[in-house]
Amino acid sequence: MRAALYSFAILALSGASLHAQDLVLNGDFAENIMGWETDGTNVTAIWTTYDVNDSPSSGSVQIRNQSPNANDGVVIQQCVPVNSGQRYTYGGKARIPSGPGQTVDNKAVMSVRWYSGPDCTTPNGGSITTGGSPQSTNVWVSQSSTVVARAGSRSAYVRALVTKLAADGSFIAQFDDISMTSPSIFQSGFD
């Protein structure tokens with residue numbers, strides 16, 4: 001018992017093991033969009049210098065939805081490992097730049113899609129989406145949600161979703177500071 005308390009005290013003093021760990025790599029898009037993949041044929045993703053913190057040494061990802069269909073969404077995504085039944089917080093910041101065809105009726109949100117296989121294979125029950133798509137252009141909006149991984153989940157896609165409501169034209173949104181964190185060691189209610 002004494003050894004367990006001593007070990008806990010060491011962990012508490014170090015602090016490193018008590019904080020949530022970010023499962024997403026390159027979610028701040030400091031220099032590029034490496035580690036992210038597009039899903040679909042009507043999507044283009046590029047790195048841009050617009051940064052949520054106006055940092056001259058960082059940037060964000062810009063996603064263009066060019067779908068010819070109405071109410072069609074496109075994504076960039078990254079696969080992360082998860083544990084079935086564990087709690088996670090995911091989110092990021094979204095911005096709709098002003099310009100032709102850029103209307104806040106379109107959506108720019110974060111989502112998570114669960115998989116029962118490793119490396120995001122074998123879908124396991126759909127996706128969960130944050131609310132809070134920007135309601136003004138040229139403003140960064142924070143989005144986050146806390147969720148529990150579906151039973152049997154071993155991996156998940158963390159996704160930036162851009163939905164265009166009109167059937168023609170294109171729609172652009174930018175994302176930065178995308179993350180998905182696992183809970184602290186106090187997952188059972190002590191946090």
Please name the pair of heavy atoms, one in [X] and one in [Y], separated by the smallest distance, quoted to 0.1 Å.
X	Y	answer
Q174	W140	O-CZ3, 3.7 Å
N106	G101	ND2-O, 3.9 Å
Q78	G35	NE2-O, 3.3 Å
D51	D176	OD1-OD2, 3.0 Å
C79	D119	SG-C, 3.4 Å

Worked check of side chain to side chain donor-acceptor pair (under 3.5 Å) between D22 and S179: CA-CA 6 Å; D22 193 352; S179 67; 4.6 Å; no
Cation-pi geometry met for R95 and Y50 (6.0 Å, 45°):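 Yes.
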Rounded distance (nearest 0.5 Å) linking atom OG1 of T48 with atom CD1 of I172: 9.5 Å
Linked, directly or transitively: I76 and V74 (ILVMFWY side chains, under 4.5 Å):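 Yes, because I76 and V74 connect within a single hydrophobic cluster, where side-chain heavy atoms sit under 4.5 Å apart.
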Y157 and Y115 aromatic ring geometry - parallel, tilted or perpendicular at 30°/60° bounds: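 It falls in the perpendicular class, over 60°.
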Derivation and outcome, side chain to side chain donor-acceptor pair (under 3.5 Å), residues N138 and S98: CA-CA 6 Å; N138 300 323; S98 60; 3.0 Å; yes
Carboxylate-amine/guanidinium contact K93 D177, below 4.0 Å: yes
W114 (side chain) donor-acceptor with S155 (main chain) under 3.5 angstrom: no
